[in-house]
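Order of the sequence lines fixes the chain letters, A, B, ..., with proteins taken first and strands second; residue numbering starts at 1 for each chain.
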Number of protein chains: 2
Amino acid sequence: MSRREYNQYCAAARALDVLGERWTLLLIRELLIGPRRYTDLLKALPGIGTNLLANRLKGLEAAGVVQRSELPPPAASSVYELTERGSELEESIVALARWGLPLLEERRPNDAWEPEWSILAMRATFRPEAAKGVHEEYEFEVGGKVFFAAVNDGDVSTGPGAAKSPAVTLRADIETFLAVANGSMPMQAAIESGRYVVDGDEAAFERCLRIFSLPERIRPKLYSKSCPT
Amino acid sequence: MSRREYNQYCAAARALDVLGERWTLLLIRELLIGPRRYTDLLKALPGIGTNLLANRLKGLEAAGVVQRSELPPPAASSVYELTERGSELEESIVALARWGLPLLEERRPNDAWEPEWSILAMRATFRPEAAKGVHEEYEFEVGGKVFFAAVNDGDVSTGPGAAKSPAVTLRADIETFLAVANGSMPMQAAIESGRYVVDGDEAAFERCLRIFSLPERIRPKLYSKSCPT
DNA sequence: CGGAATCCTCTTCGATACTG
DNA sequence: CAGTATCGAAGAGGATTCCG
């Protein structure tokens with residue numbers, strides 16, 4: 001019952017033997033954000049089908065990429081999480097995401113979106129050259145979910161939860177957050193409409209925007225769609 | 001007739017909508033080495049099946065990742081090559097390959113291997129910290145195929161063909177080259193057996209080995225297999 | 001011979017239903 | 001909540017044929 005393999009003595013092919021099936025890399029993306037229960041994963045991956053999820057988890061567990069762990073008694077439930085080896089996939093997934101950014105354009109009617117996905121997206125849009133000498137944290141609250149980005153010179157770490165001491169806090173509803181993020185709504189307009197709220201140091205806010213801006217080449221596409229003149 | 005898509009407003013998911021099908025990333029790996037004719041691709045991807053290859057190429061062409069171009073009259077034939085956008089996948093594929101290196105272990109009986117694959121493999125095993133201050137080229141000839149690596153401080157470029165002015169030239173048959181590369185045969189033994197020939201500056205040779213060595217953590221696995229004592 | 005289109009079988013996917 | 005069982009639909013893989 002061996003999984004289909006490529007039979008090539010090539011590191012990329014061997015990686016794809018483990019990761020190349022449908023859903024697998026998205027499942028790992030989900031676990032990169034943090035440990036998740038089975039049903040959380042089902043919800044975060046609409047369309048996966050419960051048998052496939054179970055198969056993938058089993059395969060990844062056998063491959064040493066994922067492990068189960070039991071939560072302590074009060075919350076008697078088990079979660080899936082990445083092993084250390086699994087966490088090393090972050091680099092690959094962020095690289096893929098970076099390549100995929102120009103494909104994002106506007107959100108389509110059936111597109112799912114979870115605020116947590118920003119946590120990885122920000123690592124993909126992070127521009128080290130704009131972050132030289134910057135040491136500060138930003139906090140976000142989108143659709144009720146809180147996450148942070150901690151910039152440290154040319155480096156960034158992001159995650160769920162609050163920042164320790166944010167220089168700025170940004171709050172928005174999902175639609176407004178996405179419209180600003182993908183460039184189809186100017187930040188200025190969003191703030192004036194009251195649907196985007198910024199608290200904290202103004203200069204830090206400007207830095208935050210520069211550090212996590214989308215690559216320039218995809219902005220024109222977006223603007224030309226939403227502002228056809 | 002729409003391809004299966006994930007319907008997630010997420011850069012990684014969008015990238016996988018284009019790249020996630022079976023064979024696609026390996027096909028791109030092949031084109032990263034250089035332009036290829038249809039039949040070259042069939043040979044380099046054993047098992048793909050001609051209809052799948054045609055489908056994948058069509059899909060990637062539609063996605064702007066691959067383009068066809070006609071060679072000038074003498075060699076009246078057409079080749080497939082990556083567009084600029086397609087070439088930007090190098091980072092993602094090298095990241096995947098780097099993650100897959102520990103899975104390589106020994107070559108299995110049915111594993112295909114092409115000398116050209118070293119061209120990408122060397123970008124995956126390249127260790128920038130070992131290449132600080134180094135500016136020189138290495139040339140390789142394996143199974144009759146020639147390729148080079150040009151190290152430039154913390155940077156490397158690799159490709160098919162001869163180096164301009166190699167500091168060292170390494171020559172070996174396929175089996176010996178692989179055995180040394182994956183650590184199951186000591187370089188010393190290979191040279192002494194006469195199946196591995198090194199020409200040029202001795203110090204440069206040592207640097208070359210350090211710069212492109214496999215990560216330490218996978219070496220013990222290999223040695224314990226081949227030297228069970 | 002290079003570059004596919006067609007046909008046929010087998011596997012995998014995806015959705016729903018069902019179970020501890 | 002966390003999966004297993006089932007089954008039609010889509011995709012993969014191999015062989016063969018077709019066209020220039």
Side-chain angles (χ1 to χ4, degrees), chain A residues 1-8 13 16-27 30-31 35-63 66-81 110 112, chain B residues 1-8 13 16-27 30-31 34-62 66-81 110 112:
Chain A
M1 254 319 173
S2 67
R3 193 196 357 249
R4 229 176 330 220
E5 301 189 334
Y6 287 113
N7 294 313
Q8 297 191 354
L16 289 169
D17 283 342
V18 174
L19 308 170
E21 288 171 306
R22 194 162 159 76
W23 293 108
T24 301
L25 281 170
L26 288 188
L27 170 52
E30 211 51 36
L31 293 176
R36 288 276 187 285
R37 288 175 307 175
Y38 188 86
T39 24
D40 298 333
L41 293 170
L42 271 183
K43 267 178 290 188
L45 302 171
I48 192 180
T50 168
N51 56 341
L52 265 203
L53 177 56
N55 280 349
R56 295 292 180 268
L57 285 170
K58 232 173 289 178
L60 289 174
E61 207 176 341
V66 160
Q67 64 194 10
R68 317 178 45 149
S69 74
E70 307 292 325
L71 291 181
S77 122
S78 70
V79 293
Y80 292 89
E81 60 190 1
N110 290 328
Chain B
M1 252 319 207
S2 67
R3 194 197 354 251
R4 242 192 304 232
E5 300 188 337
Y6 287 113
N7 294 312
Q8 297 190 354
L16 289 169
D17 283 342
V18 174
L19 308 169
E21 288 171 306
R22 194 162 158 74
W23 294 108
T24 301
L25 281 170
L26 287 188
L27 171 52
E30 212 50 36
L31 293 176
R36 287 278 186 285
R37 289 174 307 176
Y38 187 85
T39 24
D40 298 333
L41 292 170
L42 271 183
K43 268 178 290 190
L45 302 171
I48 192 180
T50 167
N51 55 343
L52 264 202
L53 177 56
N55 281 351
R56 294 293 180 268
L57 285 170
K58 230 173 290 177
L60 290 174
E61 207 176 340
V66 161
Q67 64 194 9
R68 317 178 46 149
S69 75
E70 308 290 327
L71 291 181
S77 122
S78 67
V79 293
Y80 292 89
E81 59 190 2
N110 290 328

Problem - Nucleotide of dG13(D), dC13(C), dT4(D) approaching E21(A) most closely (side-chain heavy atoms) - result: dC13(C)
Handout entry: Atom-pair distance (CG on N55(A); C1' on dT6(D)), nearest Å
Key = 14 Å
Handout entry: Minimum-distance nucleotide (side-chain atoms of S78(B) versus dG14(C), dA5(D), dG3(C))
Key = dG3(C)
Handout entry: Rounded interatomic separation in angstrom, taking OH from Y80(B) and P from dG3(C)
Key = 7 Å
Practice task
Mind checking T39(A) for me? I need base, sugar-phosphate or nothing, with any heavy atom below 4.0 Å counting as a touch.
Solution key: sugar-phosphate
Exercise for the section: With the side chain counted from C-beta on, respond yes when Q8(A) and L26(B) share a heavy-atom pair under 4.5 Å apart, and no when they do not. Expected result: yes
Problem - Proximity to the side chain of L52(B) - top-ranked nucleotide from dA5(D), dG3(C), dA12(D) - result: dA12(D)
Problem - Selection from dA5(D), dA12(D), dA2(D) that lies nearest to any side-chain heavy atom of S77(A) - result: dA2(D)
Fill in the blank from the handout: note: L45(B), atom CG; dG14(D), atom C1'; distance rounded to Å ~ 16 Å
Problem - Atom pair CZ/CD of R68(A) and E61(A) - distance to nearest 0.5 Å - result: 6.5 Å
Problem - Residues Q67(A) and E81(A): side-chain donor-acceptor under 3.5 angstrom - result: yes
Handout entry: Donor/acceptor link under 3.5 angstrom from N51(A) side chain onto base of dG3(D)
Key = no
Problem - Polar side chain donor-acceptor pair, Y38(B) to T50(B), under 3.5 angstrom - result: yes
Exercise for the section: Rounded to the nearest angstrom, tell me the gap between atom CZ in R4(A) and atom C1' in dG11(D). Expected result: 8 Å
Problem - Gap between atoms CH2 and P, on W23(A) and dG14(C) respectively (whole Å) - result: 6 Å
Exercise for the section: Show your reasoning for whether side chain to side chain contact (heavy atoms under 4.5 Å, CB included) applies to L41(A) and L57(A). Expected result: CA-CA 10 Å; L41(A) 293 170; L57(A) 285 170; 4.3 Å; yes
Exercise for the section: Classify the nucleic acid contact of K58(B) as base, sugar-phosphate or nothing, counting any heavy atom under 4.0 Å across all strands shown. Expected result: sugar-phosphate
Exercise for the section: Round to the nearest Å and state the distance from L41(B) atom CG to dG2(C) atom C1'. Expected result: 12 Å
Exercise for the section: Specify the separation, in whole Å, of atom CG of L42(A) and atom P of dA2(D). Expected result: 9 Å
Completion exercise
In whole angstroms, the gap separating C1' of dA2(D) from CZ of R68(A) amounts to 8 Å
Problem - Options dG13(D), dT16(C), dG3(C), nucleotide nearest the side-chain atoms of R22(B) - result: dG13(D)
Completion exercise
Per nearest nucleotide of DNA chain C, the residue lying toward the 5' end, T50(B) or P46(A), is T50(B)
